[in-house]
Novice: 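Please find one structure pasted underneath; my questions will follow.
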Amino acid sequence: LQETAEYGVQRGGGLLGAWHRALAELGRMEKMFFSSVMKYEVLESTHEEALKCFLKAEEVAPRASNANLIYIASAYLSLEDKDKARYYIELLMSQPGLTDREKSEANKIKRNL
């Protein structure tokens, strides 16, 4: 039961973090489009909010998700904290069995450090 609860928090934290990240990355024109054409009020969010969710997921289930490590590094890079971004990319690269896609995402972030 404890493992199931931890998985739920870890998975939910990652999904919620991705939601906040997507909202934070919407441009002004995209927000105007949703507001005027789609009659949909776009919620505001920040990379800080996304990072909080990703870090919570990592706290509950350390290194359970390579994608979460990528999201954490990316969030830190967006917040211009290159040292922490580098730490999480190095942590990711030390994980066994990385996929080609994970390696590619890590290399994209590394190029911006």
Side-chain angles (χ1 to χ4, degrees):
L1 185 59
Q2 178 66 25
E3 288 177 10
T4 302
E6 287 178 1
Y7 176 78
V9 172
Q10 192 276 333
R11 183 75 177 139
L15 291 173
L16 188 57
W19 170 256
H20 283 290
R21 180 178 167 212
L23 289 176
E25 292 179 355
L26 281 178
R28 190 173 138 252
M29 296 303 288
E30 292 165 315
K31 289 177 184 178
M32 287 175 58
F33 171 79
F34 282 114
S35 294
S36 62
V37 176
M38 303 298 288
K39 305 294 185 217
Y40 178 77
E41 186 176 335
V42 177
L43 302 173
E44 295 292 325
S45 193
T46 63
H47 289 283
E48 289 90 351
E49 286 295 319
L51 180 59
K52 284 180 193 176
C53 295
F54 295 137
L55 289 173
K56 183 63 177 177
E58 182 63 15
E59 177 187 324
V60 171
R63 294 168 205 67
S65 169
N66 290 340
N68 197 53
L69 295 174
I70 292 168
Y71 292 144
I72 291 171
S74 179
Y76 276 126
L77 188 60
S78 295
L79 296 169
E80 299 181 11
D81 190 336
K82 292 183 177 184
D83 290 335
K84 288 184 181 173
R86 184 176 293 108
Y87 170 80
Y88 279 96
I89 285 301
E90 289 174 1
L91 187 60
L92 170 72
M93 296 304 282
S94 72
Q95 300 303 304
L98 290 178
T99 66
D100 289 340
R101 183 174 182 196
E102 291 165 342
K103 290 176 187 174
S104 174
E105 290 296 319
N107 286 327
K108 286 180 195 173
I109 293 170
K110 284 171 79 172
R111 283 193 292 271
N112 290 303
L113 293 175

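Predicted model, so just to flag it, every value in this text is computed and none were measured.
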Novice: From N66 CG over to L98 CG, what is the distance, rounded to the nearest 0.5 angstrom?
Specialist: 5.5 Å
Novice: Which salt bridge (Lys or Arg N to Asp or Glu O under 4.0 Å) pairs, counting each pair once, include a residue from residues 66-75, with sequence neighbours left out?
Specialist: none
Novice: What distance do I72 atom CD1 and L55 atom CG have between them, rounded to the nearest 0.5 Å?
Specialist: 5.0 Å
Novice: With ring pair (Phe, Tyr, Trp, His ring centres under 6.0 Å) as the rule and sequence neighbours excluded, what pairs involving residues 93-113 come up?
Specialist: none
Novice: Once you round to the nearest 0.5 Å, how far does CG of L79 lie from CD of E48?
Specialist: 4.5 Å
Novice: Measuring from S65:OG to Y71:OH, what's the distance to the nearest 0.5 Å?
Specialist: 7.5 Å
Novice: Restricting to non-hydrogen atoms, name the atom on L91 and the atom on Q95 that form the minimum distance, rounded to 0.1 Å.
Specialist: O-NE2, 3.2 Å
Novice: Using the salt bridge (Lys or Arg N to Asp or Glu O under 4.0 Å) rule, collect all pairs that involve residues 96-113, keeping only residues at least two apart or in two chains.
Specialist: E105-K108
Novice: Show the atom names and distances, to 0.1 Å, of all donor-acceptor pairs under 3.5 Å that link a side chain in residues 82-90 to residues at least two apart or in another chain.
Specialist:
unit_1, atom_1, unit_2, atom_2, d
D83, OD1, R86, NH1, 3.4

Novice: Kindly check if the number of other-residue, nucleotide or ligand heavy atoms within 6.0 Å of OH (Y76) is above 12?
Specialist: yes
Novice: What heavy-atom pair brings I109 and I70 nearest, and what distance separates the two atoms?
Specialist: CD1-O, 3.8 Å
